[in-house]
Student: 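Below is one structure. I have some questions about it.
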Amino acid sequence: MRGTDIFRPGFTAHHHIKYLYIPTKPNYPLFMNLITHSFPSSPPFIPFKPRFLNSSLKLSKSSNSPQFSTMASSSTDNTEEVAYDLSPIMKVYKNGRVQRLAGEEVVPPSLDPTTNVESKDVVIFKEEDISVRLFIPKTIVDDSSNQGQKLPLFVYFHGGAFCIETPFSPNYHNYLNNVVSKANAIGVSVHYRRAPEHPVPIAHEDSWLVLKWIASHVSREGPDGWLNKHADFEKVFFAGDSAGANIAHYLAIRIGLEGLPGLKVEGIALVHPYFWGVERIGSESGREFAAKVDELWRFASPTTSGSDDPLINPDKDPNLGRLGCERVLVCVAEKDILKDRGWYYKELLEKSEWNGVVDVIETKEEDHVFHMFKPTCEEALVLLNNVVSFIKKD
């Protein structure tokens, strides 16, 4: 595959994923920094809440939330009026159409020659469009002497402010290849439904359903052979960046509250976690885009109580101490507007009744999810190795 080849997913009549080749411009960025740069500070910025609840949006019969539809970005209608212009990320139209402008690039599953990691896509709930991309070291599959070997399970939730990106994007695909290869683990990269068509907490609930699907393999009689044969369900790790880190945290608490028989979560790795709150902490009050974080959260979760919703502010979650794992790694970036929330998360955990160990690693001179923009830079490789070491307990 050439470096500028991009594929977009489609589904056959039998719901098997297929890929269509689409040439793209070289070096087109995967996504902009959603937290700090999505919302211009001057017109044509449109406030979220009034427009989101605008009566001109189509409502489903079972919900008060707008009924959105996703259509190909090439579809245009000069009579359409834009409700939100979040260029270069997405546009949301008053007629309910969502046009994603970033995070839609896709690469197919494959055997990666660099890492020797094999991947495949599995549709879990076809009607709800919930699926996973699985990753496994090829040597485990091919070598008969390794057939009984069990590998740690690395369950990953992608970022994108709950609105864009998929596990099939080039950077997330490559990231999982590298972690799986270096950690000698099985990777499960989760495709959850995204806002605004599917507002938060749908992403969290979809991800919980995926965990239940994973747990169905504990008996070694689940629907996927890789997990049946090679997954060590006593060594499970959740991880994610930005919004995905938020989901990983939520799921760890839910594991602590409800449990999934046979599934033991050893640790969670939260990279630049998307946490927030009404009261500004640390350097947040001096940040130009601080107010935009509140608005971005309300855009993704229109029924939220606000930025002190426990889903976005762990300080307001009475169940924080029930976190269902032994170890936590939090990675923050010095220039990230969310940096102080990562450090505060450590403080909150240490003050709670949780008895685990939490560590924070800060990358100097870098910003939010820099490792996805610059995956081969020295700092990104260090960050990757920190996650790998966390899994291997080096």
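Side-chain atoms are counted along with the backbone in the values below, which use heavy atoms only and exclude waters and symmetry mates.
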Student: Just do the ring pair (Phe, Tyr, Trp, His ring centres under 6.0 Å) check on Phe275 and Tyr344 with the steps written out, would you?
Tutor: CA-CA 10 Å; Phe275 298 140; Tyr344 189 43; over 10 Å; no

Student: For the hydrophobic clusters of this structure (ILVMFWY residues joined by side-chain heavy atoms under 4.5 Å, transitively), does one cluster hold both Tyr175 and Val382?
Tutor: no

Student: Between Lys292, Lys339, Arg341, which is the residue that forms a salt bridge (charged side-chain N to carboxylate O under 4.0 Å, His left out) with Glu284?
Tutor: Arg341

Student: Within the 3.5 Å criterion, strictly below it, is a donor on Ser283 or Asp340 matched to an acceptor on the partner's side chain?
Tutor: yes

Student: Please say yes or no: joined through hydrophobic side-chain contacts below 4.5 Å, possibly via intermediate residues, are Leu111 and Ile186 part of one cluster?
Tutor: no

Student: Restricting to non-hydrogen atoms, name the atom on Ala195 and the atom on Ala300 that form the minimum distance, rounded to 0.1 Å.
Tutor: CB-O, 3.6 Å

Student: What's the verdict on side-chain contact (heavy atoms from CB on, under 4.5 Å) for His371 and Val369, showing C-alpha distance, side-chain angles and the deciding distance?
Tutor: CA-CA 5 Å; His371 61 300; Val369 294; 4.2 Å; yes

Student: Should we say atom NZ of Lys120 is surrounded by more than 12 heavy atoms from elsewhere, each under 6.0 Å from it?
Tutor: yes

Student: Any side-chain heavy atom of Phe238 within less than 4.5 Å of one from Ile255?
Tutor: yes

Student: Any Lys/Arg nitrogen of Lys374 or Glu365 sitting under 4.0 Å from an Asp/Glu carboxylate oxygen of the other?
Tutor: no

Student: Does the pair Asp294/Arg287 count as a salt bridge with the N-to-O cut at 4.0 Å?
Tutor: no

Student: Report the C-alpha distance between Val236 and Val155 in whole Å, list the side-chain angles of each, state the deciding distance to 0.1 Å, and finish with yes or no for side-chain contact (heavy atoms from CB on, under 4.5 Å).
Tutor: CA-CA 7 Å; Val236 180; Val155 187; 4.2 Å; yes

Student: Looking only at heavy atoms, which two atoms of Arg280 and Gly277 are closest? And how far apart?
Tutor: NH1-O, 3.1 Å

Student: Quick check for you: to the nearest 0.5 Å, what is the distance between Ile136 atom CD1 and Leu227 atom CG?
Tutor: 8.0 Å

Student: Is it the case that the side chain of Lys346 and the backbone of Val358 share a donor-acceptor pair, with hydrogens and angles ignored and the cut-off at 3.5 Å?
Tutor: yes

Student: Any cation-pi pair here, Arg133 with Phe168, using under 6.0 Å and within 45°?
Tutor: no

Student: Decide side-chain contact (heavy atoms from CB on, under 4.5 Å) for Tyr274 and Val293; before the verdict, give the C-alpha distance in whole Å, the side-chain angles of both, and the deciding distance to 0.1 Å.
Tutor: CA-CA 10 Å; Tyr274 183 10; Val293 181; 4.0 Å; yes

Student: Filter on side-chain hydrogen bond (donor to acceptor under 3.5 Å, both in side chains), then keep only pairs touching residues 205-219, sequence neighbours left out; what's left?
Tutor: Arg193-Asp206, Glu205-Tyr250, Glu205-Arg254

Student: I'd like to know if the side chain of Asn228 and the backbone of Gly222 have a donor-acceptor N/O pair within less than 3.5 Å.
Tutor: yes

Student: Could you check whether any side-chain heavy atom of Thr166 comes within less than 4.5 Å of a side-chain heavy atom of Arg194, counting everything from C-beta outward?
Tutor: yes

Student: Are any non-hydrogen side-chain atoms of Ser169 and Met372 less than 4.5 angstrom apart?
Tutor: no

Student: Less than 4.5 Å apart, side chain to side chain, heavy atoms only: is that true for Leu323 and Ile268?
Tutor: yes

Student: Backbone N or O of His272 within a donor-acceptor pair of the Asp241 side chain at under 3.5 Å?
Tutor: no

Student: For Ser87 and Asp85: C-alpha separation, side-chain torsions, deciding distance, then whether side-chain hydrogen bond (donor to acceptor under 3.5 Å, both in side chains) applies.
Tutor: CA-CA 6 Å; Ser87 299; Asp85 187 349; 2.5 Å; yes

Student: To the nearest 0.5 Å, how far apart are NZ in Lys91 and CZ in Arg100?
Tutor: 15.0 Å

Student: Measure the shortest side-chain to side-chain distance between Pro137 and Val180 over non-hydrogen atoms and say whether it is less than 4.5 angstrom.
Tutor: yes

Student: Calculate, to the nearest 0.5 Å, the distance between atoms CZ and OG belonging to Arg298 and Ser307 respectively.
Tutor: 7.0 Å

Student: For the residue pair His198 and Phe162, is the inter-centroid distance of their aromatic rings smaller than 6.0 Å?
Tutor: no

Student: Work out which heavy atom in Cys163 is nearest to a heavy atom in Phe299; give both atom names and the distance.
Tutor: SG-CE2, 3.7 Å

Student: What residues form a side chain to side chain donor-acceptor pair (under 3.5 Å) with Thr363, not counting sequence neighbours?
Tutor: none

Student: Test side-chain contact (heavy atoms from CB on, under 4.5 Å) on Leu311 and Thr304 and set out the steps.
Tutor: CA-CA 9 Å; Leu311 276 178; Thr304 183; over 6 Å; no

Student: Nearest 0.5 Å, please: how far is CD in Glu81 from CG in Asn95?
Tutor: 10.0 Å

Student: Measure the shortest side-chain to side-chain distance between Val330 and Pro273 over non-hydrogen atoms and say whether it is less than 4.5 angstrom.
Tutor: yes

Student: Does the side chain of Tyr345 come within less than 4.5 Å of Leu320's, by heavy atoms?
Tutor: yes

Student: Does Glu80 pair with Lys94 as a salt bridge, N-O distance under 4.0 Å?
Tutor: no

Student: Who passes salt bridge (charged side-chain N to carboxylate O under 4.0 Å, His left out) against Lys351, sequence neighbours left out?
Tutor: Glu347

Student: Is Ser242 reaching over with its side chain to a backbone N or O of Gly244, donor-acceptor style, under 3.5 angstrom?
Tutor: no

Student: Show the numbers, then the answer: is there a salt bridge (charged side-chain N to carboxylate O under 4.0 Å, His left out) between Lys264 and Glu234?
Tutor: CA-CA 5 Å; Lys264 186 179 187 303; Glu234 294 291 313; 5.9 Å; no

Student: Identify whether the distance between the nearest side-chain nitrogen and carboxylate oxygen of Glu266 and Lys235 falls below 4.0 Å.
Tutor: no

Student: Under a 4.5 Å side-chain heavy-atom rule over Ile, Leu, Val, Met, Phe, Trp and Tyr, are Val357 and Val387 clustered together?
Tutor: no

Student: Could you pull out the closest heavy-atom pair between Asn184 and Pro152, with the gap in Å?
Tutor: O-CD, 3.5 Å

Student: Taking the side chain as every heavy atom from C-beta outward, state whether Val141 and Trp226 have any pair of such atoms under 4.5 Å apart.
Tutor: yes

Student: Among Val332, Asp336, Val271, whose side chain to side chain contact (heavy atoms under 4.5 Å, CB included) with His368 holds?
Tutor: Asp336

Student: Count I, L, V, M, F, W, Y as connected when their side-chain heavy atoms are under 4.5 Å apart, and connections chain through other members. Are Ile202 and Leu211 then in the same cluster?
Tutor: no

Student: Testing the basics here: between Val92 and Pro196, what is the closest heavy-atom pair and its distance to 0.1 Å?
Tutor: CG2-CG, 4.1 Å

Student: Going only through I, L, V, M, F, W and Y residues with side-chain contacts under 4.5 Å, is there a path from Phe154 to Leu381?
Tutor: no

Student: For the CD atom of Glu258 and the CG atom of Leu251, what is their distance to the nearest 0.5 Å?
Tutor: 10.5 Å

Student: Salt bridge (charged side-chain N to carboxylate O under 4.0 Å, His left out) between Glu279 and Lys316: does it pass, once the steps are laid out?
Tutor: CA-CA 12 Å; Glu279 183 179 352; Lys316 304 301 180 182; over 6 Å; no

Student: Nearest 0.5 Å please: distance from the CG atom of Asp317 over to the CZ atom of Arg322.
Tutor: 11.0 Å

Student: Which pair of heavy atoms, one from Asn171 and one from Pro375, lies closest together, and at what distance?
Tutor: OD1-CG, 4.1 Å

Student: Look at the aromatic rings of Phe135 and His173 and report parallel, tilted or perpendicular, splitting at 30° and 60°.
Tutor: tilted

Student: Is it true that His158 and Tyr192 have ring centroids separated by less than 6.0 Å?
Tutor: yes

